[in-house]
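Take a look at the structure set out below.
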Number of protein chains: 2
Amino acid sequence: MPPATTAARYGSRPTMKDVAARAGVGLKTVSRVVNGETGVTAETESRVRAAIEALGFRRNDSARILRKGRTASIGLVLEDLADPFYSPLSRAVEEVARANGSLLFAGSSAEVPEREQELALALCARRVDGLVIVPASDDHRYLEPEIAAGIATVFVDRPASRIDADAVLTDNAGGAREAVAHLIAHGHRRIGFIGDRPHIHTADERLRGYREAMAAHGLAVRGDWVSMGATAPERVRAELDRMASGPDPVTALFAGNNRVTVTAVRVLAERERSVRPLALVGFDDFELADLLRPGVTVIAQDPARLGRTAAELLFRRLDGAAESPRRLELPGRLIVRGSGEFSPHD
Amino acid sequence: MPPATTAARYGSRPTMKDVAARAGVGLKTVSRVVNGETGVTAETESRVRAAIEALGFRRNDSARILRKGRTASIGLVLEDLADPFYSPLSRAVEEVARANGSLLFAGSSAEVPEREQELALALCARRVDGLVIVPASDDHRYLEPEIAAGIATVFVDRPASRIDADAVLTDNAGGAREAVAHLIAHGHRRIGFIGDRPHIHTADERLRGYREAMAAHGLAVRGDWVSMGATAPERVRAELDRMASGPDPVTALFAGNNRVTVTAVRVLAERERSVRPLALVGFDDFELADLLRPGVTVIAQDPARLGRTAAELLFRRLDGAAESPRRLELPGRLIVRGSGEFSPHD
DNA sequence: CTGAAAGCGCTTACAG
DNA sequence: CTGAAAGCGCTTACAG
């Protein structure tokens with residue numbers, strides 16, 4: 001038997017028009033029923049519902065969106081969906097979106113500026129209501145027309161560059177100061193810092209905090225105690241080996257992020273027991289840090305809270321909050337577990 | 001100076017019509033330029049481009065989508081975006097989507113069947129081209145009309161229930177057999193199994209593999225050696241304490257997933273050194289498993305490969321591959337690190 | 001090479 | 001309580 005209406009063809013779908021025809025009512029009446037509006041007789045409504053059921057109709061929200069303005073979707077652009085730091089952030093953004101009736105587009109920039117821009121603009125072309133961005137680019141002027149056109153945008157983890165925009169950050173410099181002060185309090189004077197590539201905002205801020213804490217305690221920083229660059233294990237390993245050897249080795253390391261910390265833990269675990277243990281404090285907490293021996297002392301960020309805060313600010317903007325851009329800073333938190341409490345003489 | 005066109009108002013945007021008016025050409029000509037079609041004089045084209053530039057026009061892809069059919073977007077529904085097992089899977093799906101010119105909607109079901117359904121249907125209403133689903137529900141008949149209407153759907157990690165659909169899975173039973181055989185080969189006869197809640201497909205399959213391996217070696221399984229349920233730490237801790245004590249304690253544990261394994265590691269680490277060490281093999285690998293002492297022996301899945309395989313199958317379907325639903329199984333891989341190689345006499 | 005008309009599937013504004 | 005018309009911003013099919 002051939003299909004009764006176009007709607008029954010594979011790959012095509014019934015529309016409100018089809019439902020209206022089958023129920024013998026006008027298009028607008030179907031729309032009323034589908035949207036739960038008042039002013040439809042119970043009898044009419046049940047005829048419409050029967051037609052919807054029989055045809056397997058489901059409203060096309062893409063069409064609805066075109067007519068309505070808001071798309072009830074937001075976009076998230078970050079470095080890497082799979083990164084254990086960013087995945088709780090994503091989840092938090094998603095939860096807030098859900099609570100506000102929005103769907104979430106998610107995409108990874110892989111820390112490539114062009115990919116960030118491509119993704120963000122593709123999302124703008126879809127007319128997402130708003131954007132949460134962990135920036136990879138160092139120039140966000142490309143977003144100015146989009147923001148002016150009404151796409152609310154909140155940056156998270158790192159601020160926007162060359163435009164004035166909302167941002168939710170961790171107090172990176174403050175956390176770094178606390179980490180380094182902790183090592184100093186345990187007697188260290190020669191403290192190394194291995195961080196991510198310079199010009200990444202968080203890396204620069206943590207370096208600043210390191211320098212400030214050293215200066216505040218009257219300690220000079222030797223050039224070869226600081227290393228900024230890719231967080232690839234080979235580089236971190238080589239730099240740590242270098243800093244920890246020679247006539248005047250560092251006695252403690254402040255690791256600038258998660259990946260550096262993990263490599264440092266590996267390197268330290270491999271060193272012979274005879275060698276004096278190096279103290280270690282890392283920026284960013286990570287799963288199982290407490291199960292390692294020694295446990296790893298860290299400055300913990302709260303990525304879920306970063307995401308939640310950013311998304312909530314986004315939806316406040318969408319609800320009309322029109323003050324000038326804000327920068328929110330969340331504190332880091334020192335978690336003492338053992339690796340940061342060796343004295344230089346242990 | 002008041003804005004020259006409606007397009008300049010805050011929150012509203014120029015359309016092709018505005019561009020056409022400004023450039024003094026027809027709508028279709030603008031469309032041709034925007035879409036890089038041929039058959040436009042260089043002179044006309046540059047007039048159009050100038051108008052686009054001046055107005056800050058960006059094509060509204062939502063409108064385009066409505067007219068074209070394909071939305072160039074796919075949806076991903078999984079248990080938890082932030083879970084370290086699923087986040088590489090998400091990233092892999094995203095990469096394949098990107099390679100195929102699609103954007104990705106992502107959402108977490110939180111293992112709640114109603115949330116899975118709500119999310120999946122919301123995505124269908126947006127008319128995503130396809131769906132990758134890690135199911136939480138045990139009845140997917142609600143998706144039948146959507147699939148029939150042309151929304152390609154691939155299940156991953158767990159199969160669909162009550163409908164016939166594509167699925168990409170790990171060979172859970174096979175992996176579990178290998179894990180348990182490994183413990184048996186190291187001399188264990190009394191082996192416990194703590195798994196996730198029954199009726200979760202992967203949990204049931206791993207239990208099956210455990211039983212099969214025991215049976216294959218002529219070993220009976222005592223009822224109190226098996227515990228299926230929520231993977232909350234308190235429960236796992238209590239069950240492990242129970243199994244490892246009493247007159248006839250287990251000498252080895254096969255942990256049914258990541259979360260169970262981590263809790264087991266904690267519990268074992270807390271036991272006094274005097275107690276005989278329990279051997280442990282976990283299902284699922286996890287970061288730093290090699291840095292723990294002892295390193296944790298696991299059956300590793302490849303979540304990124306699961307995601308990639310599922311997404312690639314999805315796009316093959318979208319390109320017209322219309323064979324009947326397939327079930328692909330990827331192998332697990334035993335990684336020996338120390339925790340699974342204690343004999344019962346150590 | 002160029003453009004006017006119709007239509008994608010809805011909602012809005014209005015009339016009966 | 002109900003529905004016909006217009007329109008959201010594009011693309012398609014067609015004509016000049």
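Every chain is numbered from 1, with letters handed out A, B, ... down the list of sequences. This one's a predicted model, so the numbers in the text were calculated from it and none came from an experiment.
Base contact: A/Lys28 has a heavy atom under 4.0 Å from a base atom. At a threshold of 4.0 angstrom between heavy atoms, the contacts of A/Thr44 are confined to the sugar-phosphate backbone, with no base atom among them.
Between A/Glu312 and A/Arg308, none of the side-chain N atoms (NZ, or NE/NH1/NH2) sits under 4.0 Å from a carboxylate O, so this pair counts as no salt bridge. At a threshold of 4.0 Å, the pair A/Glu94-A/Arg98 does not count as salt-bridged, since none of the basic side-chain nitrogens sits closer than that to a carboxylate oxygen. Using a 4.0 Å cut-off between charged side-chain N and carboxylate O, B/Glu323 and B/Arg316 make no salt bridge.
For the pair A/Glu79/A/Asp157, no side-chain contact is recorded, criterion being any heavy-atom separation below 4.5 Å from C-beta on.
For B/Ile65 and C/dC8, the CD1 to C1' distance is 12 Å, given to the nearest whole Å. Note: CG (B/Leu27) to C1' (D/dT12) measures 12 Å, nearest angstrom. One atom, CZ of A/Arg13, and another, C1' of C/dC10, lie 14 Å apart when rounded to the nearest Å. Nucleotide D/dG9 holds its P atom 17 Å from the CZ atom of A/Arg126, rounded to whole Å. Taking atom CZ of A/Arg59 as the reference point, atom C1' of C/dC8 lies 17 Å away to the nearest angstrom. Nucleotide D/dC8 holds its C1' atom 15 Å from the CG atom of B/Asp61, rounded to whole Å. In this structure, B/Asn35 places its CG atom 9 Å from C1' of D/dC10, rounding to the nearest Å. In this structure, NZ of A/Lys68 is placed 13 Å from C1' of C/dA13, rounded to the nearest angstrom.
In the set C/dT11, C/dG9, D/dC10, C/dG9 carries the atom at the smallest distance from any side-chain atom of A/Asn60. Comparing atom distances between the B/Thr29 side chain and each of C/dT11, C/dC10, C/dT2 picks out C/dT2 as nearest.
Heavy atoms only, all atoms of each residue included: B/Pro113 and B/Ala136 are closest at CG-O, 3.8 Å.
Sequence order on DNA chain C of the closest nucleotides to B/Glu45 and B/Arg127 puts B/Glu45 first from the 5' end. Summary of the strand contacts: B/Thr41 and B/Leu66 both lie near DNA chain C, and taking for each the nucleotide with the nearest heavy atom, the more 5' one is attributed to B/Thr41.
Nucleotide D/dA13 has no partner under the Watson-Crick or G-U criteria, as no pair reaches both atom distances under 3.5 Å. In this structure, D/dA4 forms no base pair with any nucleotide, since neither Watson-Crick nor G-U wobble geometry is met with both distances under 3.5 Å.
Between the side chain of B/Arg32 and the base of C/dG3 there is at least one donor-acceptor pair of N/O atoms closer than 3.5 Å. Residue A/Arg67 places a side-chain atom within donor-acceptor reach of the base of D/dG7, judged by atom type and a 3.5 Å distance cut-off alone.
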